Amino acid sequence: MGSNTYRAVRAKQTPSTITVYQAYSPEIAEPAIKAQTFVPPFSRARMTWIKPSFLWMAYRSGWATKARQERILAIEITREGFEWALRHSCLSHYTPDEKVSQEEWRRKMRASPVRVQWDPERDISLRSLDYRSIQIGLSGEAVGKYLDKWIVSVTDVTATMRQIDEYLQNGDIDAARACLPRETPFALPEDLHKPLRME
């Protein structure tokens, strides 16, 4: 699987973990860093989206400048947890398929605790690329597992995000690139490829 396969999971990873990103206000981020998981005022009742792509998070948060997205957190989670999420997921948009009707897809989406969507990956200038990056929405049972079982560490990477933006504003693209986390293709079991539309 190449690094620019149309749909692939690319992430910072270790043999036992994968890093995902979330952006929050300081009111949610600071207690999470202290507790090393998400605690109130974070709400378990809402869907929470995790993203393995640092640059997609930069795009979504405007380099940590958008309201209520001023703090960027790198959350290291277990590979087992990540794969559980994908095994219990449903694509957030219906794609015509001779084996699955739109009504079957709707039923599965209502029953699934995890949503998956593929959005255009971004380059360092936050321009859209011609391949996709995964976003994973957790709700219900999946949120509980994420908070209570999967999280290994929570790290504030806001300073890195803003430093990269500063380098870019000064035209120092090499320095900006040097700050990026190393994201490599994340090998998923073959049986997940078709449900996730990776083939």
Side-chain angles (χ1 to χ4, degrees), residues 1-43 46-79 82 116-138 146-147 150-186:
M1 180 175 64
S3 64
N4 61 349
T5 301
Y6 183 64
R7 289 190 183 98
V9 178
R10 289 165 285 270
K12 181 180 178 182
Q13 58 190 289
T14 72
S16 61
T17 65
I18 178 171
T19 296
V20 296
Y21 298 94
Q22 293 190 272
Y24 283 109
S25 65
E27 290 78 17
I28 289 177
E30 288 173 13
I33 295 161
K34 194 173 291 187
Q36 287 295 288
T37 188
F38 290 94
V39 295
F42 177 92
S43 172
R46 296 181 61 185
M47 180 168 280
T48 188
W49 289 87
I50 58 177
K51 308 157 189 72
S53 167
F54 183 89
L55 284 174
W56 204 95
M57 188 75 265
Y59 163 73
R60 182 72 181 82
S61 68
W63 297 107
T65 63
K66 291 184 181 177
R68 307 197 69 74
Q69 297 186 63
E70 306 95 335
R71 298 288 287 278
I72 310 299
L73 303 181
I75 302 101
E76 194 177 16
I77 66 173
T78 65
R79 294 177 81 101
F82 187 76
V116 162
Q117 65 185 50
W118 295 95
D119 296 305
E121 180 59 291
R122 302 285 159 167
D123 67 12
I124 201 164
S125 298
L126 306 186
R127 292 172 299 206
S128 177
L129 294 171
D130 60 2
Y131 52 92
R132 300 279 166 158
S133 179
I134 199 168
Q135 275 201 80
I136 302 162
L138 308 175
Y146 175 56
L147 303 187
W150 302 346
I151 293 177
V152 175
S153 68
V154 178
T155 305
D156 189 340
V157 293
T158 309
T160 300
M161 187 74 76
R162 290 181 178 161
Q163 179 67 76
I164 293 171
D165 186 31
E166 185 179 326
Y167 282 139
L168 291 171
Q169 289 183 41
N170 292 333
D172 196 342
I173 294 176
D174 289 341
R177 286 189 193 285
C179 295
L180 292 174
R182 182 171 179 264
E183 295 174 357
T184 54
F186 185 91

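Since we're looking at a predicted model, the values are computed, not measured. In what follows, every heavy atom counts, from backbone to side chain, and hydrogens, waters and symmetry copies are set aside.
- Note that CD1 of Ile124 and CD1 of Ile164 are 6.0 Å apart. Values are rounded to the nearest 0.5 Å.
- The backbone N or O of Val154 sits less than 3.5 Å from a side-chain atom of Gln36, completing a donor-acceptor pair.
- With a 4.5 Å cut-off on side-chain heavy atoms, Asp123 and Leu55 do not count as touching.
- Without hydrogens or angle criteria, Trp56 side chain to Pro120 main chain gives a donor-acceptor distance under 3.5 Å.
- Between Pro40 and Pro31, the closest heavy-atom pair is O-CB, 4.3 Å.
- Of the possible polar contacts, none joining the Ser125 side chain to the Arg127 backbone as a donor-acceptor pair under 3.5 Å is found.
- Side chain of Thr158 to backbone of Ile72: a donor-acceptor contact under 3.5 angstrom is found.
- Side chains of Leu73 and Ile33 form a contact here, defined as non-hydrogen atoms less than 4.5 Å apart.
- In this structure, the side chain of Glu70 does not engage the main chain of Ala67 through any donor-acceptor pair within 3.5 Å.
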Walk me through it: do Gln22 and Thr48 pass the test side chain to side chain donor-acceptor pair (under 3.5 Å)? CA-CA 9 Å; Gln22 293 190 272; Thr48 188; 2.6 Å; yes

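- A side-chain donor-acceptor contact under 3.5 Å links Glu183 to the backbone of Phe54.
- At distances below 3.5 Å, at least one donor-acceptor pair connects side-chain atoms of Gln13 with backbone N or O atoms of Thr184.
- Under 4.0 Å is where a charged nitrogen must lie from a carboxylate oxygen, and between Arg71 and Asp156 at least one such pair does.
- Side-chain atoms of Arg122 do not come within 3.5 Å of backbone N or O of Leu129 as any donor-acceptor pair.
- Atom CZ of Phe82 and atom CD1 of Ile18 lie 4.0 Å apart (nearest 0.5 Å).
- Nearest heavy atom pair, residue Tyr6 against residue Asp130, reads CD1-O, 3.4 Å.
- Expressed to the nearest 0.5 Å, how far OG of Ser61 lies from CE of Met161 amounts to 4.5 Å.
- Arg10 places a side-chain N or O within 3.5 Å of a backbone atom of Thr5 that can act as its donor or acceptor partner.
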Side chain to side chain donor-acceptor pair (under 3.5 Å), that's the test. Do Thr19 and Glu76 meet it? Break it down for me. CA-CA 4 Å; Thr19 296; Glu76 194 177 16; 5.0 Å; no

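- Counting only distance, with no hydrogens or angles, the side chain of Lys51 and the backbone of Ile134 share no donor-acceptor pair below 3.5 Å.
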